[in-house]
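Before any comments, here is the structure.
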Amino acid sequence: MDTTQVKLVTIIAESVLEHRLVNDIRRLGAKGFTRSEVSGEGSRGRRVGDVEGANIRLECLVSEATAERILEELAERYFENYAVVAFVENVAVVRGDKYI
Amino acid sequence: MDTTQVKLVTIIAESVLEHRLVNDIRRLGAKGFTRSEVSGEGSRGRRVGDVEGANIRLECLVSEATAERILEELAERYFENYAVVAFVENVAVVRGDKYI
Amino acid sequence: MDTTQVKLVTIIAESVLEHRLVNDIRRLGAKGFTRSEVSGEGSRGRRVGDVEGANIRLECLVSEATAERILEELAERYFENYAVVAFVENVAVVRGDKYI
């Protein structure tokens, strides 16, 4: 099977940021994304309003350059004032040209 | 801790494919799987009927050979006509013999 | 973008274990975690009570040493008698000092 290495970017954030984050990752080059509802407790301890389903998880498959841009922009725009976690993994996909 | 490297295969697909995909991955060698409901927007843009919860995410821990077979079969059977994303990652597990 | 390699630990378990597992990973050094509801079928076949939403998935970003301790403790305490899957991946994060 002929696979391509791409980056899986996972973002976990307060639900209130969902539309802004989706716009950001689209603008920065993500061709698609997957969204799910999660809950959790961050390194600041339990936040007010941190109830079940109040966080979202966005995932997108992108090129290394796009992953880099997404991390940079999230760090600049949100990390100071919002509960946002973002991490990047290497994954192998079929038909990688769809994503990069 | 003695861990084994196995493959984590993640499949994100239209919910209508769930039972077929579960049968496929079982037949191809997955010993188990995890299922969750997700939503999203793919590289084709928003699809008719693409509403919250309408996509499923299946994950299974398998050997490299099984991961290869799953990717091949998904590519052959679904990629042309369905919204299906599949990717493979390296993960470390305890008691890896359960999965391979 | 300056990133740090950390470990993403994913635990999938029977819902009944949720509070014990959360206490375990906190005690062992996880600064936060993400929780979602999943369902699935394990290597023992479909279990009694294995209905939609009956399993939970916990994820945490931790140092390599903490990941090791979490796997060891889970293996000792739960693997014998409970349906628990745990795996570890390498991920890159921004501001990795938050997690380790």
Side-chain angles (χ1 to χ4, degrees), chain A residues 1-13 15-40 52-64 66-67 70 86-100, chain B residues 5-15 24 28 34-47 50-92:
Chain A
M1 184 86 274
D2 194 24
T3 60
T4 310
Q5 288 288 326
V6 300
K7 298 290 181 180
L8 172 66
V9 179
T10 301
I11 304 163
I12 296 162
S15 295
V16 68
L17 292 180
E18 177 173 348
H19 292 293
R20 290 170 61 180
L21 289 169
V22 165
N23 286 339
D24 289 338
I25 62 178
R26 282 287 198 195
R27 180 174 40 82
L28 294 168
K31 304 282 175 61
F33 63 89
T34 297
R35 178 195 168 283
S36 55
E37 290 174 11
V38 297
S39 58
E52 186 127 330
N55 286 5
I56 49 134
R57 176 198 191 98
L58 297 174
E59 288 166 288
C60 53
L61 294 168
V62 296
S63 68
E64 183 162 6
T66 300
I70 290 173
F87 52 87
V88 178
E89 293 163 88
N90 295 312
V91 303
V93 294
V94 183
R95 301 199 312 191
D97 55 313
K98 281 180 62 180
Y99 307 105
I100 60 180
Chain B
Q5 287 289 326
V6 299
K7 298 289 180 179
L8 172 66
V9 179
T10 301
I11 305 164
I12 296 162
E14 305 173 53
S15 295
D24 289 339
L28 294 168
T34 297
R35 179 195 167 282
S36 55
E37 291 174 10
V38 297
S39 59
E41 197 172 325
S43 57
R44 302 170 178 186
R46 197 172 291 275
R47 291 172 291 114
D50 184 17
V51 295
E52 186 127 332
N55 286 7
I56 49 133
R57 176 199 190 96
L58 297 174
E59 288 165 288
C60 52
L61 294 169
V62 295
S63 68
E64 183 162 5
T66 300
E68 183 94 355
R69 282 198 300 273
I70 290 173
L71 283 192
E72 273 177 16
E73 181 125 346
L74 294 183
E76 276 176 30
R77 297 182 65 166
Y78 303 110
F79 280 18
E80 186 82 27
N81 297 309
Y82 294 96
V84 175
V85 175
F87 52 87
V88 178
E89 292 163 88
N90 296 312
V91 303

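Values reported hereafter were calculated over all heavy atoms of this structure, with side chains retained and with hydrogens, waters and symmetry mates removed. None of these values were measured; they are calculated from a predicted model. Throughout, protein chains are lettered first and strands after them, A, B, ... in sequence-line order, and every chain is numbered starting at 1.
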Considering only heavy atoms from C-beta outward, does the side chain of A/T3 approach that of B/V88 to under 4.5 Å?
no
So which of A/V6, A/D2, A/V93, A/V94 has the largest heavy-atom pair count under 4.5 angstrom toward chain B?
A/V94
Given a strict heavy-atom distance threshold of 4.5 Å, which part of A/L8 is in contact with chain B: side chain, backbone, both, or neither?
side chain
Of all the heavy-atom pairs spanning A/V91 and B/E89, show the shortest one and how long it is.
CG1-CG, 3.1 Å
The reported gap from CD in A/E37 to OG in B/S39 (rounded to nearest 0.5 angstrom) is 7.5 Å
Chain A contact via B/A86 - side chain, backbone, both or neither, heavy atoms under 4.5 Å:
backbone
Report yes if some heavy atom in the side chain of B/N55 is under 4.5 Å from a heavy atom in the side chain of A/T34; otherwise report no.
no
Given a strict heavy-atom distance threshold of 4.5 Å, which part of B/I12 is in contact with chain A: side chain, backbone, both, or neither?
side chain
Neighbour count >12 (heavy atoms, 6.0 Å) for atom CD, A/Q5:
yes
Honestly, the part of B/R69 sitting under 4.5 Å from a heavy atom of chain A is neither
Tell me if a side-chain donor or acceptor on A/R95 pairs with a main-chain N or O of B/F79 at a distance below 3.5 Å.
yes
